[in-house]
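Here is the structure we will look at.
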Amino acid sequence: MQEKALLVAVQHANQDEERFYSSLDELKALTETAEGTVVKVVTQKRDRIHPALYLGEGKVQEIHALVDEMEIDLVISNDGLSPGQQKNLVDKIGVRVLDRNQLILDIFAQRAHTKEGKLQVELAQYKYLLPRLYGQGLALSRLGAGIGTRGPGETKLETDRRHIQRRIDDIKHKLEAVVNQRAQYRKRRKENKAFQVAIVGYTNAGKSTIFNRLTKSESLEENQLFATLDPMTRQIILPSGFRVLLTDTVGFIEDLPTSLVAAFRSTLEEVTEADFILHMVDASHPDQMQHQQTVTRLLNELGAEKLPMLTVYNKKDLLTETFFPSFHPSITISALNSEDRKRVLTEIEEVITASWEEYEQIVPASNGKLLERLKRQTVILEQIFDDAEETYKVRGKIAPDHPLKYSMKVQVSSDNDGTISGES
């Protein structure tokens with residue numbers, strides 16, 4: 001049975017009206033993703049947040065009356081609440097009170113499936129809980145179950161600070177081992193010169209949809225926020241035959257809790273370790289410009305702002321008016337359309353190779369191993385077989401820092417006829 005939720009939000013002085021209501025729509029979507037039903041939304045305009053109650057005294061009394069009248073199960077705030085504000089609201093309203101951060105943490109707790117994902121969520125939840133323990137025995141004892149209690153709350157929330165701190169230290173230790181393992185995987189991929197493409201974007205932009213269609217995988221694909229939490233990596237082949245690793249990552253969101261960004265640092269490093277970024281944008285969303293800026297800001301914070309990127313404006317089938325892209329290079333598609341997906345692969349290849357160097361190489365027919373490496377690790381533009389010489393003339397593009405490029409040059413300079421006699 002879904003819980004009945006009442007949403008509360010303070011519209012700050014000078015806050016953009018459209019942006020404010022867009023964030024409220026997002027809070028509604030988050031609540032529905034957490035399996036709650038929004039039955040009422042209460043807003044208040046204030047010059048500043050009430051330091052003790054978030055909302056004004058009168059508005060809190062109004063909410064208390066609505067909670068009784070409508071049999072509300074929980075109240076969710078659009079902004080982050082301090083431990084004191086949360087405790088005071090619980091005391092005055094008499095039901096559970098969550099803030100936006102706790103709601104997102106709850107959704108992450110539902111969505112985490114891998115051992116690493118579950119540990120990361122649990123760590124973030126305990127860090128959120130720790131400063132809220134003091135004087136909250138009653139508030140915590142009222143939790144029972146429901147939205148905001150998944151994760152550690154699925155067992156029994158301990159109110160002992162020392163127990164929580166010990167658990168945090170234990171999770172950090174376990175995560176270190178997982179992070180080291182992930183780092184080893186990345187190192188191995190780098191050593192093998194596997195070209196990595198990371199799909200990023202605001203939550204529900206269609207990342208998993210295009211990932212599944214391009215890789216023929218089955219990562220969770222729903223019209224909900226944070227449908228994908230645990231990253232998946234699969235190999236795809238571009239039109240020239242060049243192979244790349246494609247990674248589907250967790251969706252970004254405005255005001256993503258700092259504790260979650262910190263907890264998911266190793267997962268997000270999949271983005272920083274990539275060679276190329278595919279930025280998915282829901283072109284049909286009324287707030288898509290803000291979504292793009294949020295993703296760009298988070299990429300900057302991760303140190304990935306200088307990576308080559310293709311912006312893919314998705315859901316063109318839902319557009320009702322002429323669309324003009326704001327980021328370049330870009331392409332406008334529907335991820336559900338097979339021809340559009342082919343266009344994406346071609347565009348990825350063109351953007352990737354725009355900064356690569358062209359090469360020409362003569363490869364003996366007997367050296368199939370090298371020919372295969374060129375197909376896998378470079379983009380071949382032309383391949384002509386010479387019957388008389390029994391050689392392939394290969395023309396293509398290669399990354400400027402690729403070790404294969406250097407080894408080919410060494411071979412060429414040592415052979416008078418300009419051919420490669422063996423694999424480098």
Side-chain angles (χ1 to χ4, degrees), residues 189 193-201 205-217 219 221 232-249 271 274-284 288 292 295 299 304 306-319 322-361 371-384 392-400 402 404-405:
R189 292 203 300 253
K193 290 306 292 182
F195 193 92
Q196 297 170 64
V197 176
I199 307 177
V200 305
K207 297 181 301 301
S208 294
T209 301
I210 198 162
F211 177 84
N212 287 345
R213 300 302 192 281
L214 292 178
T215 64
K216 296 178 176 59
S217 298
S219 73
E221 185 184 309
M232 288 182 70
T233 299
R234 296 286 185 273
Q235 182 177 262
I236 61 171
I237 303 175
L238 298 184
S240 69
F242 181 56
R243 296 166 191 255
V244 303
L245 293 177
L246 189 67
T247 300
D248 185 18
T249 64
V271 177
D275 300 291
F276 187 87
I277 290 177
L278 201 64
H279 178 188
M280 296 294 293
V281 179
D282 178 354
S284 68
Q288 53 94 1
Q292 290 179 77
V295 172
L299 287 175
K306 292 183 179 176
L307 291 173
M309 181 169 75
L310 173 66
T311 302
V312 178
Y313 291 99
N314 189 27
K315 307 187 185 182
K316 74 174 185 183
D317 49 310
L318 301 181
L319 292 173
T322 305
F323 178 76
F324 298 99
S326 50
F327 281 37
H328 298 281
S330 69
I331 184 171
T332 305
I333 67 152
S334 166
L336 300 173
N337 183 289
S338 60
E339 289 303 314
D340 279 356
R341 293 196 297 273
K342 288 177 185 175
R343 287 172 53 225
V344 170
L345 293 177
T346 301
E347 195 70 23
I348 290 173
E349 194 164 84
E350 287 180 4
V351 177
I352 287 173
T353 57
S355 60
W356 284 16
E357 297 174 3
E358 194 163 318
Y359 72 87
E360 284 191 7
Q361 198 65 48
L371 195 62
E372 183 58 27
R373 279 192 71 189
L374 291 174
K375 285 179 181 177
R376 283 189 290 107
Q377 299 179 15
T378 78
V379 170
I380 293 180
L381 303 173
E382 186 180 50
Q383 181 179 307
I384 301 171
Y392 288 94
K393 181 182 178 182
V394 181
R395 185 173 65 86
K397 284 200 163 189
I398 190 168
H402 200 294
L404 187 57
K405 171 190 152 190

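Of all heavy-atom pairs between D275 and P308, the closest is O-CG, 3.3 Å. Residues V271 and A304 approach most closely at CG1-CB, 4.2 Å, considering heavy atoms. Taking each heavy atom of P400 and S355 in turn, the nearest pair found is CG-O, 3.7 Å. Closest heavy-atom contact between L345 and I237: CD1-O, 4.3 Å. Pairing each heavy atom of A205 with each of N314, the nearest pair is O-ND2, 3.1 Å. Contact record, L374 with T378: O-OG1, 2.5 Å, taken as the closest heavy-atom pair.
Judged as a side chain to side chain contact (heavy atoms under 4.5 Å, CB included), and not counting sequence neighbours, the contacts of S240 are F242, E349, V379. With sequence neighbours left out, the ring-ring contact (aromatic ring centres under 6.0 Å, His included) criterion links F323 to Y313.
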Problem set entry | Derivation and outcome, side chain to side chain contact (heavy atoms under 4.5 Å, CB included), residues I210 and M280 | CA-CA 9 Å; I210 198 162; M280 296 294 293; 3.9 Å; yes
For this session: For side chain to side chain contact (heavy atoms under 4.5 Å, CB included), just list the numbers for T247 and V197, CA-CA rounded to whole Å, side-chain angles, deciding distance to a tenth of an Å, and then say yes or no.
Result: CA-CA 6 Å; T247 300; V197 176; over 6 Å; no
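Remark: side-chain polar atoms of T249 are paired, donor with acceptor, to backbone N or O of I199 under 3.5 angstrom. Here the side chain of R341 pairs a donor or acceptor atom with the backbone of A335 at under 3.5 angstrom.
Separation of atoms CG (L278) and CG (L214) is listed at 8.0 Å; rounding is to 0.5 Å. Distance CD1/I348 to OG1/T353: 11.5 Å, rounded to 0.5 Å. Expressed to the nearest 0.5 Å, how far CG of D282 lies from NZ of K315 amounts to 4.0 Å. In this structure, CD1 in I352 is found 11.0 Å from CD in E347, a value given to the nearest 0.5 Å. Of the inter-residue distances, the one linking S208 atom OG with R213 atom CZ reads 10.5 Å to the nearest 0.5 angstrom. Summarising the geometry, atom CD belonging to E357 is positioned 8.5 Å from atom CD1 belonging to I398; distances are rounded to the nearest 0.5 Å.
The aromatic rings of F195 and W356 sit perpendicular, their planes meeting at an angle over 60°, well past the 30° parallel limit.
Applying the side-chain contact (heavy atoms from CB on, under 4.5 Å) test between I380 and each of K375, K397, R395 identifies K375 as the sole match. A side-chain contact (heavy atoms from CB on, under 4.5 Å) with H279 is found for one member of L310, V200, V312 and no other, namely V200.
A 4.5 Å side-chain heavy-atom check between V351 and F276 finds at least one atom pair inside the cut-off. For the pair Q383/L371, a side-chain contact is recorded, criterion being any heavy-atom separation below 4.5 Å from C-beta on. Inter-residue side-chain proximity for M309 and L299 is flagged as met; some heavy-atom pair is nearer than 4.5 Å.
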